[in-house]
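Below is one structure, written out as structure tokens, with a few remarks after it.
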Amino acid sequence: CNGECPRNRFLLTPDGESGLNYLCRGYKYFFNHCKPFVSAVSQAWQQEQRRQLMRNPLYLASIGRNDPCPCGSGMKYKNCCLNRQR
């Protein structure tokens with residue numbers, strides 16, 4: 001990094017204003033390397049949140065038959081999870 005890490009250096013914006021910060025190649029490589037893992041964890045967390053929501057009887061009572069299914073399938077509730085409950 002020739003002295004101090006570039007993440008602590010500030011550059012000029014294309015308009016000439018000061019205060020533009022940037023990440024060095026090492027940080028960019030790290031974040032790009034971690035992105036698939038972070039995305040997978042995020043999807044798993046969202047699926048678990050949907051499962052917990054579907055277990056709540058008060059929430060299920062508020063869903064109409066023709067509303068989109070809260071499980072995220074993209075189908076109507078009557079064609080998806082309502083049939084599974086019977």
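Bear in mind the structure is a predicted one, so any value in this text is a computation, not a measurement. Note: hydrogens, waters and symmetry copies are ignored here, and every other heavy atom, side chains too, is used.
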Legend entry - N66: partners by side-chain hydrogen bond (donor to acceptor under 3.5 Å, both in side chains), with sequence neighbours left out: K78

Inset, instruction - Would you confirm whether S39, through its side chain, and K35, through its main-chain N or O, come within 3.5 Å as a donor-acceptor pair? - result: yes

Legend entry - Qualifying residues under salt bridge (charged side-chain N to carboxylate O under 4.0 Å, His left out), relative to R51, sequence neighbours excluded: E48

Inset, instruction - Please round to the nearest 0.5 Å and tell me the distance separating atom OH of Y77 and atom CG of D67. - result: 10.0 Å

Legend entry - F37 side, atom CZ; S42 side, atom OG - distance, nearest 0.5 Å: 11.5 Å

Inset, instruction - For R65 and K76, work out which heavy atoms get closest and say how close. - result: O-CB, 4.2 Å

